[in-house]
Amino acid sequence: MEIAKDLEELLARGVRQFVVCGGARNAPVLEWISRIEGAEVYSHFEERGAGFFALGRTMVTGEPCAVVVTSGTAVAELLPAVIEAFYQQRPLVVISADRPEHYRGTGAPQAIEQEGIFGDYAASRISFWEGKGPLHLNLPMEEDVDLGAPGLLEEFMLDRSSFNVAPLAQWLRKGVFKGLVVMVGGLDEQDREEVFYFCQNLGAPVLADAASGLREALGELQLVDGDRLLKANPPGKVLRIGQVPVGRFWRDLENLPEVEVFSITCSGFSGLARASEVIVGEPARVVKGLGEVDEVGDVLEHFPASRRRYSQCDELLEAHPDSEPALVRELSLYAGQADSVFLGNSLPIREWNDFAQREFPVTLVRACRGANGIDGQLSAWLGATVEEGKAWGLFGDVTTLYDLAAPYLLGQVAQEERVLVVLNNDGGRIFDRLPRLGGMSEAARGWMTTPHGRTLEQWAAMWGLAYHKITCREDVDCLENLEPGTSVVEVFPSAKQTEAFWADWKR
């Protein structure tokens with residue numbers, strides 16, 4: 001049977017992880033999966049969250065993970081996760097059951113145009129798939145078909161990507177008198193050590209996202225308030241390593257064509273809509289291939305400015321102890337002792353980058369930032385931390401409201417002392433800092449920031465989770481003795497102090 005052959009080809013390509021969302025149409029596929037020896041199977045009732053949970057598994061294991069859905073709009077729910085996987089170049093596999101081919105175009109119940117529904121974001125044939133990025137396997141099936149037992153095929157070996165480091169080596173030696181800065185985006189765990197030593201040997205200023213795992217370890221090489229320092233004193237050259245950086249200066253580079261940019265990335269995406277150079281490959285392999293590099297140092301004297309900013313930052317956090325940035329600093333002191341930290345949307349990521357503690361390395365930090373803002377973040381966190389019982393996740397309130405069904409998955413992951421932190425500032429407060437917001441009408445401002453006036457205590461109780469409320473720095477002591485299992489920690493920063501902090505920070 002052709003369908004069984006396609007499924008067995010997935011096994012040959014290394015698919016052993018499955019997230020299943022059951023339905024009448026995909027029941028034969030679920031039965032087939034149940035017969036796979038050694039399969040890792042999770043289940044969810046909600047397809048969008050299931051897709052992001054599967055994405056989280058690929059982020060950690062580097063191996064493909066398949067999410068299995070039934071026909072109709074169920075498969076359409078996976079589009080956000082597929083898009084995110086495409087821009088992260090993660091091997092997310094969608095297996096969708098479909099009604100028989102003669103139903104297409106009829107408008108019959110549960111019969112939509114599933115074939116090719118993801119367009120350019122997913123390969124639609126196994127033969128087209130190189131094991132990077134998403135694959136969509138659509139299976140038109142009659143009812144009550146028996147797919148039999150999985151056979152054993154010879155494992156399919158993918159070629160490792162090849163690259164030429166000569167252009168990058170030449171670029172690193174040329175024109176460094178203009179000043180070189182390294183911007184490090186998210187890195188997979190296996191890339192971090194080599195990139196760390198590369199940055200140390202180069203000696204240039206670094207702006208490393210928390211998801212690089214290098215933010216604290218780089219010490220004084222890491223710029224404090226780097227986005228503003230670089231905008232005020234732009235370097236002549238920027239070397240980006242890893243995923244697209246989340247900071248503001250990366251976006252400012254669109255309007256700084258005189259700054260030369262070279263990217264080292266697995267995804268192949270430049271991350272800019274202007275001219276730049278890209279070398280496609282695993283960052284650890286690329287920087288190792290460069291061999292020893294000449295020290296560049298701090299040509300433009302960014303380090304003294306960074307040290308001054310570090311002192312000013314501590315003074316402001318102390319002056320506004322109940323502001324959102326100050327509470328993020330306090331939370332980071334506890335989160336640093338966890339198995340891992342997951343940063344769930346733009347504002348927590350940026351506040352962690354700028355204000356989290358810097359004394360103790362937090363090497364296992366993750367984020368889901370290929371194209372995504374706030375969709376499926378709790379589910380992705382759970383998928384990425386299946387075996388990490390002391391995992392921390394830090395999310396905004398609207399982000400959490402987007403993924404309220406995610407705790408269904410908690411019974412399938414480790415929960416030794418898992419902590420789900422929600423920064424509840426009553427809406428999308430990252431938009432408060434947009435200059436254009438000041439000139440908008442009150443109604444338009446409300447549509448942008450979406451205030452909701454809700455707390456999550458009853459949501460935590462619905463899922464049987466411990467709940468803690470933090471409204472000031474003294475309340476953070478509740479984290480000293482958390483209950484076994486999963487705790488929801490809802491943080492309500494002082495709006496007045498937060499506004500005052502940002503006003504002082506801009507000076």
Undergrad: Tell me if a side-chain donor or acceptor on T399 pairs with a main-chain N or O of F395 at a distance below 3.5 Å.
TA: no
Undergrad: Rounded to the nearest 0.5 Å, what's the gap from CG on D227 to CZ on R251? Could you check?
TA: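 Output value for this atom pair is 10.5 Å.
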Undergrad: Given I264 and R240, is the side-chain contact (heavy atoms from CB on, under 4.5 Å) satisfied, shown in steps?
TA: CA-CA 6 Å; I264 304 171; R240 162 209 161 194; over 6 Å; no
Undergrad: Are D252 and R248 close enough for a salt bridge, meaning some N to O gap below 4.0 Å?
TA: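 Here D252 pairs with R248 in a salt bridge, since their nearest N and O are under 4.0 Å apart.
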Undergrad: Determine whether the side chains of E483 and H468 contain a donor N or O and an acceptor N or O closer than 3.5 Å.
TA: yes
Undergrad: Does R215 come within less than 4.0 Å of D209, counting only side-chain N to carboxylate O?
TA: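 Here R215 does not pair with D209 in a salt bridge, since their nearest N and O are not under 4.0 Å apart.
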Undergrad: Just wondering, do F53 and V413 contact through their side chains at under 4.5 Å, heavy atoms?
TA: yes
Undergrad: With sequence neighbours left out, write down each residue that passes ring pair (Phe, Tyr, Trp, His ring centres under 6.0 Å) with W171, or none if nothing qualifies.
TA: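 Testing W171 for ring pair (Phe, Tyr, Trp, His ring centres under 6.0 Å), a comparison that skips the adjacent residues, returns F262.
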Undergrad: With rounding to the nearest 0.5 angstrom, report the CD1 to CG distance, I83 to D120.
TA: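 Rounded to the nearest 0.5 Å, the CD1-CG separation comes to 11.0 Å.
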Undergrad: Determine the minimum heavy-atom distance between R369 and I349, stating which atoms define it.
TA: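 Smallest heavy-atom distance, with atoms named: CD-CD1, 3.2 Å.
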Undergrad: Would you say the side-chain atoms of R192 pair up with the backbone N or O of S212, donor to acceptor, closer than 3.5 Å?
TA: yes
Undergrad: Would you say T106 and R99 are linked by a side-chain donor-acceptor pair, where the criterion is simply a distance under 3.5 Å?
TA: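 Not at all, the side chains of R99 and T106 share no donor-acceptor pair under 3.5 Å.
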Undergrad: Okay, side chain of R57, backbone of G383: is any donor-acceptor separation there less than 3.5 Å?
TA: yes
Undergrad: Scan side-chain atoms only and decide if E324 and N425 contain a donor-acceptor pair under the 3.5 Å cut-off.
TA: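 A pair is found: one side chain offers a donor N or O, the other an acceptor, under 3.5 Å apart.
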Undergrad: For the residue pair E490 and Y467, confirm or rule out a side-chain donor-acceptor distance under 3.5 Å.
TA: yes
Undergrad: Does the side chain to side chain donor-acceptor pair (under 3.5 Å) test come out yes or no for T385 and R418, once each step is laid out?
TA: CA-CA 10 Å; T385 58; R418 185 176 287 268; 2.7 Å; yes
Undergrad: For residues L7 and L137, determine if any side-chain heavy atom of one lies less than 4.5 Å from a side-chain heavy atom of the other.
TA: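 Yes; the side chains approach each other to less than 4.5 Å.
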Undergrad: Using a 4.5 Å cut-off on heavy atoms from C-beta on, say whether the side chain of L139 contacts that of D98.
TA: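 A side-chain contact is absent here, since even the closest heavy-atom pair is not under 4.5 Å.
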Undergrad: Any chance you could measure T58, atom OG1, to L92, atom CG, to the nearest 0.5 Å?
TA: 6.5 Å
Undergrad: Ignoring hydrogens and geometry, is there a side-chain-to-backbone donor-acceptor pair from N201 to V293 under 3.5 Å?
TA: no
Undergrad: Are more than 12 heavy atoms, taken from residues, nucleotides or ligands other than E193, located less than 6.0 Å from that residue's CD atom?
TA: no
Undergrad: Are R454 and W459 in a cation-pi contact, defined as NZ or CZ under 6.0 Å from the six-membered ring centre and within 45° of the axis?
TA: no
Undergrad: When rounded to the nearest 0.5 angstrom, what distance separates CD in E115 from OG in S96?
TA: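 Reported to 0.5 Å precision, the distance equals 8.0 Å.
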Undergrad: Can you tell me if CZ on F118 sees more than 12 non-hydrogen neighbours from other groups inside 6.0 Å?
TA: yes
Undergrad: Please tell me if the side chains of S43 and Q412 come closer than 4.5 Å, counting only heavy atoms from C-beta onward.
TA: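 Counting from C-beta outward, S43 and Q412 do come under 4.5 Å.
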Undergrad: Inspect the contact between E388 and R366 and indicate whether a charged nitrogen and a carboxylate oxygen are less than 4.0 angstrom apart.
TA: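 Result for this pair is yes, salt bridge flagged.
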Undergrad: Give a yes or no on whether F45 atom CZ has more than 12 heavy-atom contacts from other residues, nucleotides or ligands under 6.0 Å away.
TA: yes
Undergrad: So, are E9 and K5 salt-bridged, with charged N and O less than 4.0 Å apart?
TA: no
Undergrad: Give a yes or no answer on whether the side chain of E77 reaches the backbone of E47 with a donor-acceptor pair at less than 3.5 Å.
TA: no
Undergrad: Between D188 and R90, is there a side-chain N and carboxylate O pair less than 4.0 Å apart?
TA: yes
Undergrad: Is L214 close to L187 at the side-chain level, that is, under 4.5 Å between some pair of heavy atoms?
TA: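 In contact.
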Undergrad: Is the closest side-chain heavy-atom distance between S124 and W129 below 4.5 Å?
TA: no
Undergrad: Is it the case that the side chain of D426 and the backbone of P451 share a donor-acceptor pair, with hydrogens and angles ignored and the cut-off at 3.5 Å?
TA: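 Absent.
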Undergrad: What distance separates L223 CG from N353 CG, expressed to the nearest 0.5 Å?
TA: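 Separation between the atoms: 12.5 Å.
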Undergrad: Could you tell me whether the side chain of E194 reaches within less than 4.5 Å of the side chain of P283, counting heavy atoms only?
TA: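 In short, these two side chains do not touch, never coming nearer than 4.5 Å.
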Undergrad: Does CD belonging to Q458 count more than 12 external heavy atoms closer than 6.0 Å?
TA: no
Undergrad: Given 3.5 Å as the limit, does a donor-acceptor pair link the side chain of D339 with the main chain of A391, or not?
TA: no
Undergrad: Does any non-hydrogen side-chain atom of C368 lie less than 4.5 Å from one of M59?
TA: yes
Undergrad: So, using side chain to side chain contact (heavy atoms under 4.5 Å, CB included) as the criterion, who are the partners of A166 when residues are at least two apart?
TA: N164
Undergrad: Suppose we call two aromatic rings close when their centres sit under 6.0 Å apart. Are F269 and F86 close by that rule?
TA: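 Between F269 and F86, the centre distance is under 6.0 Å.
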Undergrad: Could you tell me if the ring centre of H44 sits under 6.0 Å from that of Y408?
TA: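 Yes, close enough.
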Undergrad: According to side chain to side chain contact (heavy atoms under 4.5 Å, CB included), who are the partners of N26, at least two apart in sequence or on a separate chain?
TA: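 Result, side chain to side chain contact (heavy atoms under 4.5 Å, CB included) vs N26: L30, V68, T70, A97.
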Undergrad: Would you say S332's side chain and Q357's backbone share a donor-acceptor pair under 3.5 angstrom?
TA: yes
Undergrad: How far apart are the closest heavy atoms of W392 and A338, and which atoms are they?
TA: CD1-CB, 3.2 Å
Undergrad: Please determine, by modelled atom types, if S263 and T265 share a side-chain donor-acceptor pair under 3.5 angstrom.
TA: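 There is no such pair (donor and acceptor under 3.5 Å, judged by atom type) between the side chains of S263 and T265.
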Undergrad: Report the distance from atom CG of L135 to atom CG of L10, rounding to the nearest 0.5 Å.
TA: 6.5 Å
Undergrad: Please name the pair of heavy atoms, one in I126 and one in D6, separated by the smallest distance, quoted to 0.1 Å.
TA: CD1-O, 3.3 Å
Undergrad: Would you find a donor on one side and an acceptor on the other, under 3.5 Å apart, between the side chain of R13 and the backbone of E130?
TA: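 Flag not set: sc R13 to bb E130 has no pair under 3.5 Å.
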Undergrad: How about Y42 and E40: does a side-chain donor come under 3.5 Å of a side-chain acceptor?
TA: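 Result is yes, a qualifying pair exists.
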Undergrad: Looking only at non-hydrogen atoms, find the nearest pair between G396 and P348 and report the distance.
TA: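 Taking G396 first and P348 second, the nearest heavy atoms are N-CG, 4.0 Å.
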Undergrad: Check the surroundings of atom CD in E189: do more than 12 heavy atoms from other residues, nucleotides or ligands lie under 6.0 Å from it?
TA: no
Undergrad: Under the side-chain contact (heavy atoms from CB on, under 4.5 Å) criterion, do D397 and L423 qualify, and how do the steps go?
TA: CA-CA 6 Å; D397 47 346; L423 294 174; over 6 Å; no
Undergrad: Check whether W250 reaches the backbone of G271 with its side chain - one donor and one acceptor, N or O, closer than 3.5 Å.
TA: yes
Undergrad: Is any NZ, NE, NH1 or NH2 atom of the basic residue among E260 and K237 found under 4.0 Å from an Asp or Glu carboxylate oxygen of the other?
TA: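 Salt bridge between E260 and K237, a charged N being under 4.0 Å from a carboxylate O: yes.
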